[in-house]
Amino acid sequence: MKNWLTIGQFSKAVGVSAKALRLYEKMGLLKSRTRGENGYRYYDDTQLVLAKRLKEFKDLGFSLAEIKSLLQSDHALDSEKLKITMRTRLDLINQEAELLKEQKKQIETILSSIEKKSEPLKADERRVIMSLYGKVSIVVTGVNGLEKTAEYIQKHFKNAGQSVPTFKWHAELVLPEEKPYILVVPEKDLLLGDISRIQADVVVIKNLSEHSAELEKNYLKLFSAIGPHVNTVVNADDRASVSLMANPHIQKGRIFYFSKNRALEKQIKFIGGVLSSGDELDIYGFNLKSQVHVKIDRIMALEEEMALISSLGAVLTVGLDQEQLQIR
């Protein structure tokens, strides 16, 4: 005779919530063995092994879609497929570990300066501290849809309970002393005034008009204070923008990508970024615990879609989480 367990008893034995079990059943990961006349789900104790294996994969940071594939591989004893999946996950973990290692080093240095009180914090140390609290300057530059991107960034912050102003760059602009703020810098205005005084914390590059040594020189002025705390979010579909990222000075910071090209998924999954296919979004990296997959319930024009995915990259670099994003 089987030892039947209610969903409450089963969830307690496995260590997951009843809500999670209902979601697993909906996705075809773990179905209850039977339903009672009252409609309640019942499991038997032979399902505990599968449920605990599922939880192990979830605790390792795999998405439910990945877990479904893993369980199928495990069941079919497809060891090669399982090894590939595990190696991919290990690559992502190693990348995140390197980023966390760099952040740890920065914080330890800053903490030492604070504790000693021997001298004022350096400018880059102050900027790291401010970035930890979302107090950053976000520059949106390039040639297309800059205002729309800035508008989406504002919406994300508003969802997080912050009112963030937007400014447009000109030679006489007095930069705000308080952060966060958004600064729109059209490519044609990179030559106006002393652009190096902006000292951006996050730079979003929508796309370049061309790739040339002269234009690269103009963009590099935005990276005058580059360091590990500076994040650049780049259009991976624009060859000129990608070429700019090859500059070793820019590579001192962190680089993320946004794209509509699904052929780039493997690279973006490894590096970190936002990938869109029109009706679906996938977000990788940004110190998120796992991949974020979102379905879009309305049709967007190309410019709006690119504004959305580039804005997501911008705010995820400064610590906003999935629940604070304005996606729909």
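Residues take their numbers from the sequence shown, with the count starting at 1.
When every heavy atom of A171 is checked against every heavy atom of R197, the shortest pair comes out as O-NH2, 3.3 Å. Looking at every heavy atom in both residues, V242 comes nearest to V234 through N-CG1, 4.4 Å. Closest non-hydrogen pair, I7 versus A18, comes out as CD1-O, 3.8 Å. Residues A314 and V233 come closest through the heavy atom pair N-CG2, 3.9 Å. Contact record, D189 with I195: O-CD1, 4.4 Å, taken as the closest heavy-atom pair. Taking every heavy atom of both residues into account, P180 and Q162 meet most closely at CG-OE1, 3.7 Å.
Partners of S277 according to the side chain to side chain contact (heavy atoms under 4.5 Å, CB included) rule, which considers only residues two or more places apart in sequence or in another chain, are R262, D279, E280. Take D238 and apply the side chain to side chain contact (heavy atoms under 4.5 Å, CB included) test, not counting sequence neighbours, and it matches N207, L208, N235, A240, S241. Evaluation of the side chain to side chain contact (heavy atoms under 4.5 Å, CB included) rule for K158 yields no partner, not counting sequence neighbours. In this structure, the ring pair (Phe, Tyr, Trp, His ring centres under 6.0 Å) partners of Y43, at least two apart in sequence or on a different chain, are F10. Under the side chain to side chain contact (heavy atoms under 4.5 Å, CB included) criterion, E177 pairs with no residue at all, not counting sequence neighbours.
Counting heavy atoms from C-beta on, the side chains of F157 and S163 never come closer than 4.5 Å. P186 places none of its side-chain heavy atoms less than 4.5 Å from the side chain of T141. For the pair N231 and D201, the minimum side-chain heavy-atom distance is 4.5 Å or more. Taking 4.5 Å as the limit, every side-chain heavy atom of V230 sits out of range of all side-chain heavy atoms of K252. Under the 4.5 Å side-chain criterion, counting only non-hydrogen atoms from C-beta, L64 is in contact with L23. Two residues are said to be in side-chain contact when any heavy atoms from C-beta on lie closer than 4.5 Å; D237 and L264 meet this criterion. Residues Y181 and V136 have side chains not in contact (no heavy-atom distance under 4.5 Å, counting atoms from C-beta outward). Contact check for L281 versus I296: side-chain heavy atoms found under the 4.5 Å cut-off.
Atoms CG and NZ, on L48 and K55 in that order, are 13.0 Å from each other to the nearest 0.5 Å. Distance check: H156 NE2 to L316 CG gives 8.0 Å after rounding to the nearest 0.5 Å. Atom CZ of R254 sits about 8.0 Å away from atom OG1 of T317, to the nearest 0.5 Å. The CD atom of Q47 lies 11.5 Å from the CG atom of L54; values are rounded to the nearest 0.5 Å. A distance of 11.0 Å separates OH of Y42 from CG of L5, quoted to the nearest 0.5 Å. Expressed to the nearest 0.5 Å, how far CG of L275 lies from CD1 of I268 amounts to 5.0 Å.
By the 4.0 Å N-to-carboxylate-O rule, E151 lies close enough to K155 to be salt-bridged with it.
Side-chain contact of T166 with Q154: a donor-acceptor pair under 3.5 Å is present, judged by distance alone. A side-chain donor from one of K206 and T149 sits under 3.5 Å from a side-chain acceptor of the other. There is a side-chain donor-acceptor pair under 3.5 Å between D194 and S196. N247 and E216 are linked by a side-chain donor-acceptor pair at a separation below 3.5 angstrom, with hydrogens and angles left out of the test. Side-chain polar atoms of Y257 and Q267 form no donor-acceptor pair below 3.5 angstrom.
With a 6.0 Å radius and a threshold of 12 heavy atoms from other residues, nucleotides or ligands, K31 has its NZ atom at or below the threshold.
Each of V143 and V139 belongs to its own hydrophobic cluster when Ile, Leu, Val, Met, Phe, Trp and Tyr are linked at side-chain heavy-atom distances under 4.5 angstrom.
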K260 vs E305, salt bridge (charged side-chain N to carboxylate O under 4.0 Å, His left out): CA-CA, chis, key distance, verdict: CA-CA 9 Å; K260 278 181 57 61; E305 184 181 356; 2.9 Å; yes
Evaluation steps, side chain to side chain contact (heavy atoms under 4.5 Å, CB included), between V140 and V185: CA-CA 6 Å; V140 182; V185 185; over 6 Å; no
Residues R53, E56; criterion salt bridge (charged side-chain N to carboxylate O under 4.0 Å, His left out); working and verdict: CA-CA 5 Å; R53 176 62 61 85; E56 288 172 0; 3.6 Å; yes
Verdict with supporting geometry, Q291 and D282, side-chain hydrogen bond (donor to acceptor under 3.5 Å, both in side chains): CA-CA 7 Å; Q291 170 195 353; D282 288 295; 2.6 Å; yes
Worked check of side-chain hydrogen bond (donor to acceptor under 3.5 Å, both in side chains) between S17 and S11: CA-CA 6 Å; S17 67; S11 68; over 6 Å; no
Derivation and outcome, side chain to side chain contact (heavy atoms under 4.5 Å, CB included), residues F258 and M306: CA-CA 8 Å; F258 60 93; M306 297 303 286; 3.7 Å; yes
Evaluation steps, side chain to side chain contact (heavy atoms under 4.5 Å, CB included), between I198 and F223: CA-CA 9 Å; I198 292 176; F223 297 89; over 6 Å; no
Worked verdict on E304 versus Y152 for side-chain hydrogen bond (donor to acceptor under 3.5 Å, both in side chains): CA-CA 9 Å; E304 183 177 10; Y152 262 113; 2.8 Å; yes
Test log, rule side chain to side chain contact (heavy atoms under 4.5 Å, CB included), inputs T6 and Y40: CA-CA 8 Å; T6 65; Y40 290 172; over 6 Å; no
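A salt bridge (Lys or Arg N to Asp or Glu O under 4.0 Å) check over residues 5-29, counting only residues at least two apart or in different chains, returns the pairs E25-R35, E25-R41.
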